[in-house]
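Within every chain, numbering begins at 1; the chains are lettered A, B, ... in the order of the sequence lines, protein sequences first and strands thereafter.
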Amino acid sequence: MSATSHPTRIALPRRCDARRTGDRLFAGAAAGAGALILAVLAGVAIFLLAEAWPAITADASEIPGDGGLLAYLAPLAFGTLLAAALAIVIAVPLAVGVSLFISHYAPRWLAQPLGYVVDLLAAVPSIVYGLWGIAVLGPASVDLLRWLADHLGFLPFFAGPPSVTGRTMLVVGVVLAVMILPIISAVTREVFAQTPRSQIEGALALGATRWEMLRMTVLPFGRSAIVGASMLGLGRALGETMAVAIILSVSGGVTLNLISSGNPSTIAANIALDFPESSGPAVNVLIASGLVLFAITLVVNVAARMVIARAERAGRA
Amino acid sequence: MSATTPRLDIVRPALPAWGPWAPPAAALALAAALAVATDVAAGVLLVAAVVVSAAVVFAWSRAVEGRRRAIDRLVTVLVSSAFALAVIPLVSLLWTVVAKGSERFDWAFFSETGRNVVGEGGGAWHAIVGTLVITGLATVASVPIGILAAVYLHEYGQGRLKRWLTFLVDVMTGIPSIVAGLFAFALFAILFGPGVRMGVMGAVALSVLMIPIVVRSTEEMLKIVPDGLREAAYALGVPKWRTIVSVVLPTALAGIVTGVMVAVARVIGETAPLLITTGTISSLNANPFSGRMEPLPVYAYRQYKHPGVPPEPYLARAWAAALTLIAIVMALNLVARLVYRRFGTEVRG
């Protein structure tokens, strides 16, 4: 190899150096862009930490409320998890149903347009979801909230008294569910469609009904994709800001009651509501809460991506 | 008919073709009638209609066709109603925004600013300029970085670094938008002191959200450029960087443009990161490097959150802004799809 290539390299004209310079510059620029992305991700963590540090080290008396930073963050973290959990509980079964409908129930020619329709849900800005939630869904839910309080009031979730405006955790959960449904559905649809044809046809050839075929082939095949997609949706629901900030009527405190007008706020909504009017140490406290949110969503997203990557590798094998 | 002859069913008994449709239709009609006649909540009636019709279909099919077919039909009803349930919010939302937004969707809304406006009148021209400047700035920053990073990932990267970068870009798409806003705020607060509000801060926040989307979509497009094209260029003695710039990227151009438009559509409606970085203002400021700006989503939020007395004109402006945003986002998505269908790469591999 070296015996033949060595003389050739000497014989090449000078243009070749320019070519190699061009290559090196371009490769450098591309690698630099990649490194910049890593730097931004690291920068997010570093700058948030730097600005949150005064709040972390501050005396408990300087933190809003009493009891210090942890006591301030705990109800917010609870509200965030409650809203996101509610959204997941509502969205996952629906999203799996939607994906199955598009991939295995709808006529073939209708599948793609229906997919577009579901994707449109993802295109609507969150501020518009917020306005819709408070103007339409909230008022429309009032009767339902009253019904829940009357008939299921023995459950802690529906203890009441029911809100008369509909600005409740339950409505927030429904709106968040609508917002994350297209995200979950996009991933599961993709993986459902990768189910090996031979398995599906084998199940049908053995006389399985459509549901038995789905239960024996598509659902086991897509199980880890459903898990991963749900976690992806969870990450989105945890960080969703404007819809929650607009809809939810906040009183602080920790409660499981989903239908009253006194609800715990969420980290993201609390930042959006308080940040414009804050200054001094209050800003640092809000940034510290943002750091907590960043850490939670980072963990959830990393786990989700790992699960999905494994599902896709299994699909290709 | 002697008792010893076994009965043979050649044709399996089955529901008539209209069988699975009739109970849901009847139940929905009944629910609609009850919703009009009584004051039971419409949502309760809808859920009841779905449950009752599913139960009727199941019981009927079970009696005629047996358990397995009955379960199959039950699941069909449930899966179909899941889809219907998911589409209802979209229809209701679009209907509401068009109905409430068209009231102030007039010329004044697009030509006047909110300066010195109390009560009726005024417009969102300053907010539209703010959105265009900030989103434009974010796009100008994100597109080269995103495309170059995608080129690195697909054409140069290898081994562990590539895997990590791919993974982290995926993780980065999940950063909550408010955290991106806090990042931009923290960055500029350290550089310029606390309390700083500028349009460019919003552009930085949007870039953090936009770059990973551009990287992912561009990388997908580079993947479908056939290797034959690259090899043909190499065989002609074209250096690698020229191959990428004049063969690979032009081939993938339509897909890349589509991805960029979808990314713009994703961030143009972002409210939270801009609310905490660009501030709010009622007059026109087209300079992102000095003073507050108010993009359209923030405008909508402020009109809704802090209305004057009476609140109606403020709410009307908020809905008009929401309609404008939806129209922009839908148009971007639609044009992106058309661009891809018209100019997209034919070769898939």
Is [X] close to chain A through its backbone or its side chain, or both, or neither, when contacts mean heavy atoms under 4.5 Å?
{"X": "I244(B)", "result": "side chain"}
{"X": "L182(B)", "result": "both"}
{"X": "I211(B)", "result": "side chain"}
{"X": "S92(B)", "result": "both"}
{"X": "S207(B)", "result": "neither"}

**Plane angle bin for F185(B) and F275(A) - parallel if under 30°, tilted between 30 and 60°, otherwise perpendicular** =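 Geometry flag for F185(B) against F275(A): perpendicular rings.
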**Prompt:** How many angstroms lie between CH2 in W132(A) and CH2 in W319(B), if you round to the nearest 0.5 Å?
**Reply:**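 One gets 10.0 Å once the value is rounded to the nearest 0.5 Å.
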**Asked** Nearest heavy-atom pair of A322(B) and L131(A): which atoms, and what distance?
**Response**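 Minimum heavy-atom contact is CB-CD1, 3.9 Å.
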**Request:** Among the options L145(A), I134(A), I308(A), pick out the one with the most heavy-atom pairs lying under 4.5 Å from chain B.
**Result:**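 Looking at each option in turn, the highest pair count goes to I134(A).
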**Request:** Count the heavy-atom pairs under 4.5 Å between each of E51(A), R305(A), R215(A), E212(A) and chain B, then report the option with the highest count.
**Result:**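 The answer is R305(A).
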**Item:** Sub-6.0 Å ring centroid separation between F294(A) and F183(B)
**Value:**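 Ring centroids of F294(A) and F183(B) are no less than 6.0 Å from each other.
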**Request:** Would you confirm whether D72(B), through its side chain, and T209(A), through its main-chain N or O, come within 3.5 Å as a donor-acceptor pair?
**Result:**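 Not at all, since once roles are kept as given, no pair shorter than 3.5 Å links the two residues.
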